[in-house]
Amino acid sequence: MTVKVLLFDGKVVEVLGRIQHAAKNIAFGYIGNITSTVLGFVLRTVFIMKLDETLLGINGLYTGILTMLSLAELGIGTALNYSLYAPVAKKDYEKIKSYMLFYKKAYRAIAGVVACIGLLLVPFLKYFIKNPGNYGIQELTVYYLIFLFNTVSTYFVAYKYSLVNAEQKNYIQTNVLTLTKLATTVLQLIVLLLTSNFLLYLLTAAAVELIQKIYVNYYLNKRYPYLKDKDVKPLGTEETAEIVNKTKALVFHKVGDVARLQTDSIIISSFIRVSLVGIVDNYTMVINSISGFVNIIFNSVISSFGNLIATESKEKQYEIFKVYRFVANWIYGLSAIGFFVLLSPLIYLWLGEEWMLSSSVIALVLIDYYFKGDRIVLSNFKTAAGVFEQDKYLALIQGVVNLVISIVLVQYIGLAGVYIGTIISGLIANITKPFIIYKVCFDKKVREYFKDTVKQLVIMAVILVIVLPISKVLLTDITIITFVIVGVMIVGIYNIVFLIVFRKTEEFGYLWGIVKGKLERWYCFYKGGK
């Protein structure tokens with residue numbers, strides 16, 4: 001497989017367009033993520049200095065609860081995004097207007113549902129918060145209502161981003177969120193440094209985000225003036241039925257995902273103590289901040305996948321999927337090993353030994369992180385292809401498995417039990433989803449997929465055997481210098497081993513063809529400039 005193959009399809013413009021849009025999304029995504037990461041670490045550090053670990057835990061708990069309330073969206077956004085790919089590609093503005101009107105009405109109804117459910121939870125907050133320290137339930141309720149307002153108000157604008165993303169211009173949303181994050185963080189830092197007041201800290205974020213939503217509504221209306229047209233035909237029975245059917249399937253995915261992915265903080269707060277949520281949240285923040293650079297690559301190409309699936313053959317889709325997964329294995333494997341060796345030293349350098357978790361808990365967190373990378377590849381491709389119904393019960397089963405195992409084990413082995421439940425429930429998808437995608441999307445046997453999985457795990461085990469002894473010697477005295485040296489060593493050893501093993505594969509050849517082509521163009525540009 002080489003890049004040149006793409007030139008014989010007769011669709012050079014579409015292919016180059018997808019690559020350019022994906023590259024632009026990735027570039028702006030990286031800028032946004034670097035900004036958010038730096039600001040996030042600064043803000044978290046000042047938060048810990050000025051407030052306490054209980055409020056840090058409350059912040060993490062409420063974020064988890066409100067993420068659970070996003071269940072009310074029930075997959076309508078995902079189903080509609082899939083439906084928009086074709087009319088956007090065809091520039092069918094009348095159909096786009098019809099879909100967007102449907103989406104607007106649905107999301108306003110969803111905002112009402114989220115608000116009602118959120119208010120109904122208020123009397124039960126005390127059961128979610130174990131050992132809240134000196135903070136009374138009235139004070140904690142006020143904090144919660146601010147979180148609820150931020151979540152509900154989002155639904156009045158969020159639906160318009162679907163059109164931007166369907167055009168493969170995800171960078172617009174990224175830029176808006178980056179600027180909002182910048183303004184919010186700077187103002188919250190000022191509030192913390194001057195007042196050390198958590199209520200003002202929350203109100204500051206709420207005010208900035210409200211201004212952002214008002215601006216986004218104005219900007220997108222100006223960018224897509226046809227969205228303000230009053231003469232809009234409602235969706236036909238067939239289009240409405242398609243969205244409803246896909247949404248029905250996605251309901252199960254949403255319920256299961258929330259039960260599996262968004263309940264950890266609630267279980268920790270309810271069965272152990274709320275302050276531990278804050279300690280865990282520090283690790284989660286580090287992992288999410290750094291893995292965010294990884295996820296940008298994969299999330300930025302979803303809309304391009306939608307275009308690919310709408311215009312290319314299954315064989316071409318399969319070729320690109322293999323390259324996509326190859327990149328995921330490479331990057332998630334490297335980051336998982338890096339986290340395993342360097343996460344605790346980083347927390348030690350940043351916050352001190354009292355904020356560190358046990359190595360066994362960290363290992364469990366990272367096992368789930370690595371396999372989550374494979375699930376992201378599968379889920380993104382499946383979402384772009386509109387394949388929702390075949391495994392609609394799977395996420396629900398995962399959610400039940402996670403809740404049962406986590407709640408039982410947390411009472412016997414503590415925090416580790418929560419993550420054992422997360423790992424086991426996640427692996428159910430790692431095993432079953434490949435069968436569905438290979439059958440529905442590619443008409444192929446799944447054997448090669450699992451062979452690649454085993455091969456990658458063996459390679460990672462070999463690399464760990466090499467780097468762990470060296471790292472232990474170098475990190476006997478943890479300093480910034482030894483930390484950087486070990487990081488460089490891991491990157492070097494991992495990439496050398498990976499290149500030795502995979503340099504002759506079609507997937508690597510495809511990637512090298514892209515890199516080589518860019519280098520040749522840059523060289524020609526440089527020579528021409530001289």
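Scope of the values below: all heavy atoms of this structure, side chains included, with no hydrogens, waters or symmetry mates. Numbers here simply count residues along the sequence, with the first being 1.
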* Count the heavy atoms belonging to other residues, nucleotides or ligands that lie under 6.0 Å from OH of Tyr348, then report whether that count exceeds 12. => no
* To do: Begin with the C-alpha distance, continue with both residues' side-chain angles, and end with the deciding distance and a verdict on side-chain hydrogen bond (donor to acceptor under 3.5 Å, both in side chains) for Asn288 and Thr284.
  => CA-CA 6 Å; Asn288 289 346; Thr284 303; 5.5 Å; no
* Can you sort out the partners of Arg273 under salt bridge (charged side-chain N to carboxylate O under 4.0 Å, His left out), two or more places apart, ordered by chain and number? => none
* Asked: Do Tyr419 and Asp368 come within less than 4.5 Å of each other through their side chains, counting heavy atoms only?
  -> no
* Trace of the side chain to side chain contact (heavy atoms under 4.5 Å, CB included) decision for Glu139 with Phe198 -> CA-CA 10 Å; Glu139 186 178 1; Phe198 187 58; over 6 Å; no
* **Rounded distance [0.5 Å steps], CD1 in Ile376 versus OH in Tyr324** => 8.0 Å
* Criterion side chain to side chain contact (heavy atoms under 4.5 Å, CB included) on Val280 and Val365, from CA distance to verdict -> CA-CA 10 Å; Val280 170; Val365 170; over 6 Å; no
* Structure fact -> With Val122 as partner, the option from Leu145, Ile137, Leu148 fulfilling side chain to side chain contact (heavy atoms under 4.5 Å, CB included) is Leu145
* Asked: Looking just at side-chain N and O atoms, do Asp92 and Tyr99 make a donor-acceptor pair shorter than 3.5 Å?
  -> no
* Atom CD of Glu354: over 12 foreign heavy atoms under 6.0 Å -> yes
* Expected output: side-chain Arg375 to main-chain Gly426 donor-acceptor under 3.5 Å -> yes
* To do: Please examine the side chains of Thr184 and Thr204, heavy atoms only from C-beta on, and report whether any two atoms are closer than 4.5 Å.
  => no
* How long is the gap from CG on Asn430 to CG on Leu427, to the nearest 0.5 Å? -> 5.5 Å
* Are Trp355 and Trp350 close enough that some pair of their side-chain heavy atoms sits under 4.5 Å apart? -> no
* Give a yes or no answer on whether the side chain of Asn221 reaches the backbone of Asn217 with a donor-acceptor pair at less than 3.5 Å. => yes
* To do: Side-chain contact test, heavy atoms from C-beta onward, threshold under 4.5 Å: evaluate it for Leu55 versus Tyr201 and give yes or no.
  => no
* Taking only residues two or more places apart in sequence, or in another chain, which ones meet Val410 in a side-chain contact (heavy atoms from CB on, under 4.5 Å)? -> Ile267, Phe271, Ile272, Val418
* At their closest point, which heavy atom of Leu409 faces which heavy atom of Gly417, and how far apart are they? -> CB-CA, 3.5 Å
* **Over all atoms of both residues, closest heavy-atom pair of Gly60 and Ser265** => O-OG, 4.1 Å
* **Ring centres under 6.0 angstrom apart (Tyr370, Tyr332)** => no
* To do: Could you tell me how the ring of Tyr107 sits relative to the ring of Tyr103: parallel (under 30°), tilted (30 to 60°) or perpendicular (over 60°)?
  => perpendicular
* Asked: Quick one: are Leu140 and Leu125 in side-chain contact, heavy atoms under 4.5 Å?
  -> no
* Asked: Judged by atom type as modelled, is there a donor-acceptor pair below 3.5 Å linking the side chain of Ser425 to the main-chain atoms of Thr422?
  -> yes
* To do: Check whether any side-chain heavy atom of Ile362 sits under 4.5 Å from a side-chain heavy atom of Phe339, and report yes or no.
  => no
* Stepwise, does the side chain to side chain contact (heavy atoms under 4.5 Å, CB included) test hold for Leu366 with Ile287? -> CA-CA 9 Å; Leu366 293 176; Ile287 293 173; 4.1 Å; yes
* Evaluate the salt bridge (Lys or Arg N to Asp or Glu O under 4.0 Å) criterion for residues Arg325 and Asp374: first the C-alpha distance (whole Å), next the side-chain angles of each, then the deciding distance (0.1 Å), finally the verdict. => CA-CA 7 Å; Arg325 191 188 180 216; Asp374 232 14; 2.9 Å; yes
* Is Tyr283 reaching over with its side chain to a backbone N or O of Leu357, donor-acceptor style, under 3.5 angstrom? -> yes
* To do: Would you give the length of the straight line joining atom CG of Leu187 to atom CG of Leu200, rounded to the nearest 0.5 angstrom?
  => 12.0 Å
* To do: Using atom types as modelled and distance alone, determine if a side-chain donor or acceptor of Ser98 lies under 3.5 Å from a backbone N or O of Lys233.
  => yes
* Should the pair Tyr215 and Tyr218 be assigned to parallel (<30°), tilted (30 to 60°) or perpendicular (>60°) ring geometry? -> tilted
* To do: For Thr45 and Phe41, work out which heavy atoms get closest and say how close.
  => OG1-O, 2.7 Å
* NZ/NE/NH1/NH2 to OD/OE distance under 4.0 Å, Asp281 and Arg44 -> yes
* Asked: Would you call the rings of Tyr62 and Tyr144 parallel, tilted or perpendicular if under 30° counts as parallel and over 60° as perpendicular?
  -> perpendicular
* Okay, side chain of Ser275, backbone of Glu53: is any donor-acceptor separation there less than 3.5 Å? -> no
* Backbone N or O of Thr180 within a donor-acceptor pair of the Gln212 side chain at under 3.5 Å? -> no
* **Shortest non-hydrogen contact from Ser270 toward Tyr127** => OG-O, 3.7 Å
* How many angstroms lie between CD1 in Ile146 and OG1 in Thr141, if you round to the nearest 0.5 Å? -> 11.5 Å
* **Nearest atoms (heavy-atom pairs only) where Pro225 meets Lys222** => CD-O, 3.5 Å
* **Electrostatic pair Asp231-Lys97, nearest N-O below 4.0 angstrom** => no
* Applying side chain to side chain contact (heavy atoms under 4.5 Å, CB included), run through Phe128 and Val274 and close with a yes or a no. => CA-CA 8 Å; Phe128 295 137; Val274 69; over 6 Å; no
* I would like to know whether Ser153 and Lys213 meet side-chain hydrogen bond (donor to acceptor under 3.5 Å, both in side chains); could you show each step before the answer? => CA-CA 8 Å; Ser153 59; Lys213 290 160 190 169; 2.6 Å; yes
* To do: Go through the structure and list residues passing side-chain contact (heavy atoms from CB on, under 4.5 Å) with Leu342, not counting sequence neighbours.
  => Leu475, Phe483, Val486, Ile490
* Pairwise distance CG(Leu61) to NZ(Lys130) - rounded to 0.5 angstrom -> 14.0 Å
* Asked: Below 4.5 Å, heavy atoms only, C-beta onward: do Leu43 and Leu192 meet side chain to side chain?
  -> yes
* Can you name the one residue among Ile96, Asp229, Val232 that meets side chain to side chain contact (heavy atoms under 4.5 Å, CB included) with Leu101? -> Val232
* Asked: For atom CD1 of Ile480, is the number of surrounding heavy atoms from other residues, nucleotides or ligands below 6.0 Å larger than 12?
  -> no
* Structure fact -> To the nearest 0.5 Å, atom CD1 of Ile190 lies from atom OG1 of Thr185 at 11.0 Å
* Report yes if some heavy atom in the side chain of Leu51 is under 4.5 Å from a heavy atom in the side chain of Leu56; otherwise report no. => no
